[in-house]
Visitor: 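One structure coming up, written as structure tokens, with questions to follow.
Throughout, a chain's letter reflects where its sequence line sits, starting with A, and its residues are numbered from 1.
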Amino acid sequence: MAVVTYLEAIRQALMEEMQRDESVFLLGEDIGAYGGAFKVTEGLYEKFGPNRVIDTPISESAIVGAACGAAMMGMRPVAEIQFIDFISCAFDQLTNYAAKSRYRQGVGIPIVVRGPCGGGGRGGPFHSQNVESFFLNTPGLKMVEPATAYDAKGLLKAAIRDEDPVLYFEHKFLYRRIKEDIPDDDYIVPIGKAKVRREGKDISVITYGAMVHVALEAAEKLQSEGISLEVVDLRSLLPYDEEAILNSVVKTSKVILLHEATRIGGYAGEIAAVIAEKAFDCLDGPIVRVTSPDTPVPFSPPLEDFFLPNAEKLMKAARQLAAY
Amino acid sequence: MAVVTYLEAIRQALMEEMQRDESVFLLGEDIGAYGGAFKVTEGLYEKFGPNRVIDTPISESAIVGAACGAAMMGMRPVAEIQFIDFISCAFDQLTNYAAKSRYRQGVGIPIVVRGPCGGGGRGGPFHSQNVESFFLNTPGLKMVEPATAYDAKGLLKAAIRDEDPVLYFEHKFLYRRIKEDIPDDDYIVPIGKAKVRREGKDISVITYGAMVHVALEAAEKLQSEGISLEVVDLRSLLPYDEEAILNSVVKTSKVILLHEATRIGGYAGEIAAVIAEKAFDCLDGPIVRVTSPDTPVPFSPPLEDFFLPNAEKLMKAARQLAAY
Amino acid sequence: MTRAKKNLETTKLTKEQYLNFYYYMRMTRSLEERLTILFRQNKVVGGLYRSLGQEATAVGSASALRDGDVISPLIRDMGAMLVKGVRPRDLFAQYMARDGEGTSHGRDLNIHIADMKRGYVGPISQLGDMVSIMAGVALAGKMQGKNIVTMVYLGDGATSTGAFHEGVNFAAVLRLPMITIIENNGYAFSTPTEKQCLVKDFADKAKSYGIPGEIVDGNDVEAVYNATCRAVARARAGEGASIIEAKTFRMLGHAQHDDQRYVPKELIAEWREKDPIKRFQEFLKKNKMATDESLKEMDEKILAYLEEEAAIAEATPFPTPESSLEDVYYETQKHK
Amino acid sequence: MTRAKKNLETTKLTKEQYLNFYYYMRMTRSLEERLTILFRQNKVVGGLYRSLGQEATAVGSASALRDGDVISPLIRDMGAMLVKGVRPRDLFAQYMARDGEGTSHGRDLNIHIADMKRGYVGPISQLGDMVSIMAGVALAGKMQGKNIVTMVYLGDGATSTGAFHEGVNFAAVLRLPMITIIENNGYAFSTPTEKQCLVKDFADKAKSYGIPGEIVDGNDVEAVYNATCRAVARARAGEGASIIEAKTFRMLGHAQHDDQRYVPKELIAEWREKDPIKRFQEFLKKNKMATDESLKEMDEKILAYLEEEAAIAEATPFPTPESSLEDVYYETQKHK
Ligand SMILES: Cc1ncc(C[n+]2csc(CCOP(=O)(O)OP(=O)(O)O)c2C)c(N)n1
Ligand SMILES: Cc1ncc(C[n+]2csc(CCOP(=O)(O)OP(=O)(O)O)c2C)c(N)n1
Ligand SMILES: [Mg+2]
Ligand SMILES: [Mg+2]
């Protein structure tokens, strides 16, 4: 066991998987000697050399495309998108080539496309986005977003070993802000399994990524007010853990869906639909969404702080729902 | 009044808007002398010349980008995407440039990006998609999808006159299959307003595009079984008509969300979330989704027929919900 | 050394090789003609695309490859797929949206089928995307020490896509053994090349990537073969990517529904004279490798073979509706 | 006629013009130095990007434009924005995430601000995208009979994007008055140009689009000005798009946080000798347009001016939280 940050956990997963399996390799912009914009791949170039840690031109579409092609030959590419916002440039390759290949031509595409997402870093409209919803309506893709260092490592390993294309979102706000003791030995966190981070009985807060910590903070604070939040960390966004979601709703009968992405068309819609369809009987109140408002991510500190969901906003929503 | 097809209604709107406003112009692939892959722009090149009906290289990103640039100078470009599936190649320009320009630099982008969507034509995975969900989580965009010839014309005119970027989805299955008498004089169908296509009292079917006709067919058939469907045609997908949705739910207390796009991450999620949040009290049963299954759009007739929602599938869902 | 190798690979064709060129070009054309009949009988589902007049480009280029090499064909490259071993029945069944080994099981259309063993990838419709895919295949081959070459086919129109640009540059910079064949057939759907790009020679695009670009008469199967051999030799020698522009012409509309009234009649007449098969027949006869009779015999054999293959395809059932739910993920994969 | 016009526009600079070059280059550098101080004081929000050593490219090229022309600058082109009339206070306020006319009201960062009247567009971060935007601006200008020219700046790295390719080709084919300035500064973040593209001269990219491409010494403000004038003259004469490659060097890291240890020391030393401002000072003195004293005087005036401007910016409030909800759509627009 050793205490590592979320970022170090990601690096460990890359390192260990590259050691375990020769077919695993990395490609992306400035990931080689420089170690990546956030230094996630630092040291890997030195360890594995330029053939397995490949610096590419500024070409997100080609990065993803080349990863797909290599995967078709049995390789296990892990592509880095310098900021996940730039995945928009590879949207076509991901949704049309990677996602549909197994179905339409019988050839699986075991790639991982990873990159830093999320706000709180004064990154402005193009370095702060949460892009999961863009990809949610594309069968064939998988998506995960870890909230802890333990999961960061275990989910990345699972993603690399998965037979299908996995988008791996790492929340940059967490990179160096959270750390924990994680096991030294090989482990994975299976894709598709949520985790109850805190048991509660009044309201289920279903969330993922950096917002898990917001939910935990709110849960802690609300305890003294006699409101008991259950915090469900989805971890996998596609596929999602329907059973865990419904189990929690059955238990609490009230739900808040919390995410950092903006509201309309955000991830919460899907979960609301599942709950309203499959656990309608158990519901004792409206399904409430706590999200960012429908604007681009603003840059200036007062604006971004106003924009992002936080414990206060969640607590306010929870108090209202508890009183329902 | 004259009887026109859905396709002719679109052409009329283009023609009339170009006549009305010199700043309206068209750009896209093969839209000039050839008149477009579906002949939507037929005759416009002859009428308005090569400067206002511009054939472009195969460059969706540049088509949308150039449209944005021209719009910043006061023009009103209408870009055609030959099949809406290829809008994936312009995803970046649309979500990052067009959508955010007014917000981040104070410059509005009054463009329309239109193209044929939807299945039923044996088009396979890349000529049949419904792409609305890809764009639903991007504040700054608008989206519409007409279900009738009347709306096709009125919504396109509204889109062209709108000050913001509008994605206009035309369902290719309807192009020549539906026709109606529409007024000769200038009219618009305002963006953001739904229309109740059929009044009913038991279940609200909330839908749009080609599925409106499926819903109407099912409603007609179910009448004899004593199940009364109300059919709400959203027409505008972003913004959507929350009031009309909630009004219908208040009236019927039961909801089916019907769309042709696949299920997970499909448009229905957003509407389910709004209803489960704002009309929870009125609900007398689960919110049911009737959609395509979570696969790419398959090509072969038996597969595509199995894939697409139809009146039978809707009726089955409606019977179950009615009995709830 | 490289030079010696190049010469070795591009000279002295055997009679068998020449006859193979003919066989595959003829097969391509006859197969497409057979498909046209099926189309008229309403048995083909969706559009039908022809490569009439472009057979030499597809066949000549693919003939320069060997087992293990991988191509990404487009609708005009059935000939290349045949060289790589696709069975006519697969193409017939695929165009008729049938099930069966060698097809996409009714999921995708026309030539969108893959066989990584035989060495062809099923393209997607979004033009240009296959370039970086094939760069990736080449990259993997290099990593795995396989010394394979990949070849990506695309039209003049597809060079306008950003995906083309990113893919070729990527392959160039990483010195990947990838050959891009630009089939300049004068049109992209209704759009003539001069509205697509101001360059006269698409081979000039290579200058923008610092890689070799060569122009070849796309209707001369041997010339195409030789040009491709040169690029293949460079690729196998570790010299990286190349572009070949094959100048040819699309003798029919974009697809069956398109009467190409926008193409000047004279242009079609001019190119009809350059028909790659007629031209190659003359060549074979002049060089005493074939006679009218031997050619007729071969043609008839091909037709008979295609008849059998078409019958097999026609007898192949449609996929079952429920099968459409399979294979989206590994976890639900039935077809391996 | 065109030729005559070209000569007219590229020769005989006045002393005032030369001094203006100096003024704007000096202003750029001093402004960025002032920003660096603000950065160290933690008043700058987010990253700080410098154009140290590249001032001649930005200033020389923008100086060839006139009112009505529109540029799309990037982080290394503050100099071009200054020439187009941005106020230093706007840039200070913008970097400090403040509100106020001339800023993005705290919504976007660094030089992402637009003023269609002054003639600059606020770029987005996705590299390459601005090319087709500026093609569209040029297209509109043409349609509106305005005879304007648009200019899009980007780095060597950005040429690898598909968006660059589609945009330049689009402008080329439609013969739009758009000039693409490729600022080849040796690196894209940590990536040297040889890992970005195999060409030595990025001007060669023009060959792929059938448009003129010219190489210019990016540290020679007059040369940049003249090359741009030639391209502008062609554009205004209806001859369409051009590419100019300005060879220069990024003297600091990608941003403040990057110590660019990956850049060989000798390279930096070599380019320090070519500093565009130092060099131009010598030129001015040699040609009797300035003395050490007159330059010092100008420098001090600039510093004083910047001091005032920075003070105004520092006194500008942050935007109010609720204002972040405005302006997503026309219907909610407050800032016009
Ligand atoms: C990205 C994209 N945009 C548009 C299309 C529609 N489309 C299909 S084929 C075609 C023309 C292709 O022309 P070219 O590349 O020259 O190939 P050819 O058909 O002449 O062989 C077009 C525009 C597409 N498939 N992909
Ligand atoms: C599409 C895209 N991918 C990646 C990035 C991240 N990024 C920002 S600047 C930069 C390097 C740009 O290099 P260059 O174009 O040479 O410009 P320079 O900084 O040298 O002026 C990168 C990779 C981006 N902004 N956009
Ligand atoms: Mg062509
Ligand atoms: Mg650079």
Visitor: Check chain D and chain B for donor-acceptor pairs under 3.5 Å and report each one on its own line.
Guide:
residue: D/R107; atom: NH1; partner: B/Y103; partner atom: O; Å: 2.8
residue: D/D108; atom: OD2; partner: B/R104; partner atom: NH1; Å: 2.8
residue: D/G122; atom: N; partner: B/Q105; partner atom: OE1; Å: 2.7
residue: D/G122; atom: O; partner: B/R104; partner atom: NH2; Å: 2.6
residue: D/P123; atom: O; partner: B/R104; partner atom: NH1; Å: 3.1
residue: D/D129; atom: O; partner: B/Q93; partner atom: NE2; Å: 3.0
residue: D/S132; atom: O; partner: B/A66; partner atom: N; Å: 3.4
residue: D/S132; atom: OG; partner: B/Q93; partner atom: NE2; Å: 3.0
residue: D/G136; atom: O; partner: B/A70; partner atom: N; Å: 3.4
residue: D/Q144; atom: NE2; partner: B/M73; partner atom: O; Å: 2.8
residue: D/E166; atom: OE1; partner: B/S61; partner atom: N; Å: 3.0
residue: D/E166; atom: OE1; partner: B/A62; partner atom: N; Å: 3.1
residue: D/S324; atom: O; partner: B/Y103; partner atom: OH; Å: 2.7
residue: D/D327; atom: O; partner: B/Y103; partner atom: N; Å: 3.4
residue: D/Y329; atom: OH; partner: B/G140; partner atom: N; Å: 3.0
residue: D/Y329; atom: OH; partner: B/L141; partner atom: N; Å: 3.4
residue: D/Y329; atom: OH; partner: B/L141; partner atom: O; Å: 2.5
residue: D/Y330; atom: N; partner: B/D164; partner atom: OD2; Å: 2.8
residue: D/E331; atom: OE1; partner: B/K142; partner atom: NZ; Å: 3.4
residue: D/E331; atom: OE2; partner: B/K142; partner atom: NZ; Å: 3.0
residue: D/Q333; atom: OE1; partner: B/R102; partner atom: NH1; Å: 2.2

Visitor: Mind ranking D/A140, D/A138, D/G128 by heavy-atom pairs under 4.5 Å with chain B and telling me who comes out on top?
Guide: D/A140
Visitor: Given side-chain contact (heavy atoms from CB on, under 4.5 Å), test D/I148 with B/M73 step by step and report yes or no.
Guide: CA-CA 11 Å; D/I148 61 165; B/M73 295 286 286; 3.6 Å; yes
Visitor: Given that the side chain runs from C-beta out, which part of D/V328 has a heavy atom under 4.5 Å from chain B: side chain, backbone, both or neither?
Guide: both
Visitor: As an exercise: rank B/P77, B/G69, B/A99 by heavy-atom pairs under 4.5 Å with chain D and give me the winner.
Guide: B/G69
Visitor: Please classify the contact of D/V131 with chain B as side chain, backbone, both or neither, using a heavy-atom distance under 4.5 Å.
Guide: neither
Visitor: Quick check on D/M143 against chain B: is it the side chain, the backbone, both or neither that has a heavy atom closer than 4.5 Å?
Guide: side chain
Visitor: Please identify, among B/P139, B/P165, B/C89, B/A67, the residue contributing the most non-hydrogen atom pairs under 4.5 Å to chain D.
Guide: B/P139
Visitor: Can you tell me which portion of D/L139 sits under 4.5 Å from chain B's heavy atoms? Options are side chain, backbone, both or neither.
Guide: side chain
Visitor: Go through B/A70, B/P110, B/P239 and name the one with the most non-hydrogen pairs under 4.5 angstrom from chain D.
Guide: B/A70
Visitor: Under 4.5 Å from any heavy atom of chain B, what part of D/L176 do you find: side chain, backbone, both or neither?
Guide: neither
Visitor: Which heavy atom in D/I133 sits nearest to a heavy atom in B/C68, and how many Å separate them?
Guide: CD1-CB, 3.7 Å
Visitor: Any idea which of D/P123, D/G106, D/A163 has the most non-hydrogen atom pairs under 4.5 angstrom with chain B?
Guide: D/P123
Visitor: Testing the basics here: between D/A114 and B/V107, what is the closest heavy-atom pair and its distance to 0.1 Å?
Guide: CB-CG2, 4.1 Å
